[in-house]
Asker: 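I have a structure I would like to understand better, so I am pasting it below and will then ask my questions one at a time.
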Amino acid sequence: MDSITQDAKFLELFSVKKLHDEQTTVIRHILESKEDLIAIMATGCGKTLCFMIASYVLKGITVIVYPLLSLINDQKKRFDSSPIKAFTLIGGQTKQQRKDIFEQLDAIESAVILTNPETLLSGNTLDELKKHRISLFVLDEAHTVIEWGETFREAFLKLSEAVKKLAPYKVLSFTATLSPQGAEKLKTYIYSNRAVSVIRFSSNRKNITYKACPSLSRQKTIMDILLYAKRPAVVFTHTRRDAEKYALYIREHTGFNTLYYHAGCSKKHKKLTEEEFYNSSDAILCATSAYGMGVDKKNIRSVIHVYPPQKISEYIQEAGRAGRDGEKATSYVIVKKQDVLCASETAKVFYEQKECIRKSLLKSMGEDLKDLKCDCSVCLHEKPSPEGQDELLKLIKAYNGYFTLKSLVRFLKEKNMSIERLLYNNHSFKYWGETSLKDAIETLIQNNDVTLIGNHIYISPLKRFEQFRKRLYNNIYDFKQKYISKLVRKKCFNKQR
């Protein structure tokens, strides 16, 4: 085993000079242990190389199940540049194409099959594969078995049938994010009565900096981030429509090379987009989670989430697209108060910021790192209020009940110098679009900072009470300080006498 992992000529076949300690541990387990494996390794640690090398050493057929077509296409390129013969079994292939693949399998000693759950379980695929010795059955991005299998892709939960029928030498699961509870579920869904070990490495990506971006208008905040965020960058959105909308908006207002990608795109569009973004050194890709486990682009410098993902495991996966080359990268999360009200685990971490963001994320994965040095927003004491919030509240308070939503937007666009003189600061709204201004005011209404009575905007009673309480507290504090100072001076005077 050691000769394999340390042999320079052998590793050169896979275009690597040296294996990480985590990779060596996993490969040793696959080749030497009698038990199956669930391996939890941080994004960018080289999971693919582990089962790539193992499949080369162990003769027979390796079946690798992926959740996404984009991931299959990307991994096919990696296998094609290795000494391993790889075939893809995916939807849309003709009977003749499938027949040709199975005939080629009959003629070679070992190979790799890249497929997805639906294709693997359809037709006579399992019967054809059963004719061969199956050395490895691999689940990549194994967390999707639970997250997707329990919701909208039942085929994931039927993969145990494939395992029983193919009877592979080893069943392997790889993922970057899986809680201890998730690991137990995976054992139930996939491994049945097979003996399985769980090897968990730290999910901590030290080269990624986590930044919370409180916002009144997501559209405006994205533009602000892109002014200083390094590229290439990925902007994750919730919906397909948003991916296209933000791509168009960014392209029109910045001139940056901006692309979009989602599950509804045609195969041709996906392929062209993947290739263009992969080869670009400064492009921006607006995408849904369809890209979250997609193309392995190593030099992504920034990942921006327009909305915080519901689950922390989902967020860690998507943020992990950044900095796969080991160089510094940044993950920005745009967050509003209503995101927390929607019971988003990620939003709670980034909005409340009660402790180090990195530590909070890792804690959800079952890790508790002590004495952790971090450069996240919390550790650097960066907890600003959303841009424009204080200025808008001062203005609404000064003109309490005077403005409607439309008239306030119009006033902000036309009377910027008047606002600056009124508020005694340099903030200007002239670079805000009308949509962004409207969104900002509506956000204040949703946050209960201001309220609508009829069509007119007022400072909410709760906000006014908070301001009064804060003012009262400050006055009491000032009085105490003056009183204490007076007593000290009097005491010092008496001593001098």
Side-chain angles (χ1 to χ4, degrees), residues 211-227 235-239 241-242 245-246 249-250 253 286 304-310 332-353 377 382-413 415-416 419 422-423 425 427-467 470:
K211 297 288 184 184
C213 304
S215 173
L216 291 182
S217 168
R218 300 185 202 274
Q219 186 171 276
K220 177 67 167 60
T221 305
I222 286 173
M223 300 305 293
D224 290 342
I225 292 171
L226 289 174
L227 290 176
V235 177
F236 279 113
T237 66
H238 261 3
T239 64
R241 185 168 172 269
D242 276 353
K245 181 185 78 173
Y246 282 115
Y249 186 82
I250 293 168
H253 288 79
C286 295
I304 304 167
H305 278 87
V306 181
Y307 296 87
Q310 197 72 18
Y332 303 90
V333 177
I334 299 172
V335 63
K336 290 185 176 185
K337 187 177 181 180
Q338 50 261 48
D339 296 329
V340 181
L341 301 177
C342 292
S344 166
E345 296 175 1
T346 312
K348 193 173 181 182
V349 170
F350 280 86
Y351 187 81
E352 295 180 352
Q353 300 186 50
S377 299
E382 299 174 353
K383 196 179 178 183
S385 57
E387 183 194 355
Q389 176 175 285
D390 295 339
E391 291 77 17
L392 280 171
L393 290 175
K394 286 179 185 177
L395 178 63
I396 292 169
K397 183 184 176 185
Y399 287 88
N400 205 23
Y402 177 78
F403 290 112
T404 63
L405 197 151
K406 285 184 179 179
S407 65
L408 180 54
V409 170
R410 190 165 59 249
F411 182 82
L412 290 167
K413 291 296 291 179
K415 304 287 184 180
N416 279 288
I419 294 172
L422 172 71
L423 305 178
N425 61 49
H427 188 84
S428 174
F429 292 93
K430 65 183 175 183
Y431 297 112
W432 288 56
E434 287 191 17
T435 304
S436 297
L437 284 170
K438 186 180 177 183
D439 187 24
I441 299 163
E442 288 175 343
T443 300
L444 290 177
I445 294 170
Q446 290 170 351
N447 290 351
N448 233 2
D449 290 325
V450 299
T451 186
L452 279 178
I453 300 177
N455 292 323
H456 293 264
I457 304 171
Y458 294 81
I459 287 287
S460 69
L462 182 62
K463 194 70 180 177
R464 292 177 70 179
F465 174 74
E466 286 177 357
Q467 290 172 345
K470 188 175 180 181

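One-based numbering along the sequence shown. No experiment lies behind these values; they were computed from the predicted model shown. Keep in mind that the numbers below use all heavy atoms, side chains included, and drop hydrogens, waters and symmetry copies.
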Asker: Backbone N or O of Ile459 within a donor-acceptor pair of the Asn400 side chain at under 3.5 Å?
Answerer: yes
Asker: Under the side chain to side chain contact (heavy atoms under 4.5 Å, CB included) criterion, do Glu387 and Trp432 qualify, and how do the steps go?
Answerer: CA-CA 11 Å; Glu387 183 194 355; Trp432 288 56; 3.8 Å; yes
Asker: Is Asp242 close to Val306 at the side-chain level, that is, under 4.5 Å between some pair of heavy atoms?
Answerer: no
Asker: Okay, side chain of Glu382, backbone of Cys213: is any donor-acceptor separation there less than 3.5 Å?
Answerer: no
Asker: Going from CG on Asp339 to CD1 on Ile334, what distance comes out if it is rounded to the nearest 0.5 angstrom?
Answerer: 10.0 Å
Asker: Measure the spacing between CD1 of Ile441 and CG of Leu216 and express it to the nearest 0.5 Å.
Answerer: 9.5 Å
Asker: Closest heavy-atom contact between Gln310 and Cys342?
Answerer: NE2-O, 3.0 Å
Asker: Does a side-chain heavy-atom distance below 4.5 Å link Gln219 with Tyr249?
Answerer: yes
Asker: With a 4.5 Å cut-off on side-chain heavy atoms, are His305 and Phe350 touching?
Answerer: no
Asker: Evaluate the salt bridge (charged side-chain N to carboxylate O under 4.0 Å, His left out) criterion for residues Lys397 and Asp449: first the C-alpha distance (whole Å), next the side-chain angles of each, then the deciding distance (0.1 Å), finally the verdict.
Answerer: CA-CA 11 Å; Lys397 183 184 176 185; Asp449 290 325; over 6 Å; no
Asker: Is the shortest side-chain heavy-atom distance between Leu405 and Asn455 below 4.5 Å?
Answerer: no
Asker: Take Leu408 and Leu395 through the test side chain to side chain contact (heavy atoms under 4.5 Å, CB included) and record every step on the way to the result.
Answerer: CA-CA 10 Å; Leu408 180 54; Leu395 178 63; 3.8 Å; yes
Asker: Under 4.5 Å between any side-chain heavy atoms of His253 and Met223, yes or no?
Answerer: yes
Asker: List the steps and the verdict of side chain to side chain contact (heavy atoms under 4.5 Å, CB included) for Thr237 and Tyr246.
Answerer: CA-CA 9 Å; Thr237 66; Tyr246 282 115; 3.8 Å; yes
Asker: So, does Ser344 use its side chain to make a donor-acceptor pair with the main chain of Pro309 at under 3.5 Å?
Answerer: yes
Asker: If we check side chain to side chain contact (heavy atoms under 4.5 Å, CB included) with Lys336, which of these qualifies: Leu341, Thr221, Asn447, Asp439?
Answerer: Asp439
Asker: Quick check: closest heavy atoms across Ala440 and Ser217, and the distance to 0.1 Å?
Answerer: N-CB, 4.4 Å
Asker: Do the rings of Tyr307 and His238 sit parallel, tilted or perpendicular, given the 30° and 60° boundaries?
Answerer: parallel
Asker: Could you tell me the separation between the OG atom of Ser436 and the CZ atom of Arg218, rounded to the nearest 0.5 Å?
Answerer: 12.5 Å
Asker: If you compare all heavy atoms of Val335 against all heavy atoms of Pro308, which two are closest, and at what distance to 0.1 Å?
Answerer: CG2-CG, 4.0 Å
Asker: Would you say the side-chain atoms of Lys220 and Ser215 include a donor-acceptor pair closer than 3.5 Å?
Answerer: no
Asker: Looking at side-chain heavy atoms only, is the closest gap between Val333 and Lys211 below 4.5 Å?
Answerer: no
Asker: With side chain to side chain contact (heavy atoms under 4.5 Å, CB included) as the test, would you mind laying out the steps for Leu392 and Leu412 before giving the verdict?
Answerer: CA-CA 9 Å; Leu392 280 171; Leu412 290 167; 3.7 Å; yes
Asker: Quick one: which of Leu226, Ile225, Asp224 gives a side chain to side chain contact (heavy atoms under 4.5 Å, CB included) with Ile222?
Answerer: Leu226
Asker: For His456, does its backbone N or O pair with a side-chain atom of Thr404 as donor and acceptor, under 3.5 Å?
Answerer: no
Asker: When rounded to the nearest 0.5 angstrom, what distance separates OG1 in Thr451 from CD1 in Ile453?
Answerer: 5.5 Å
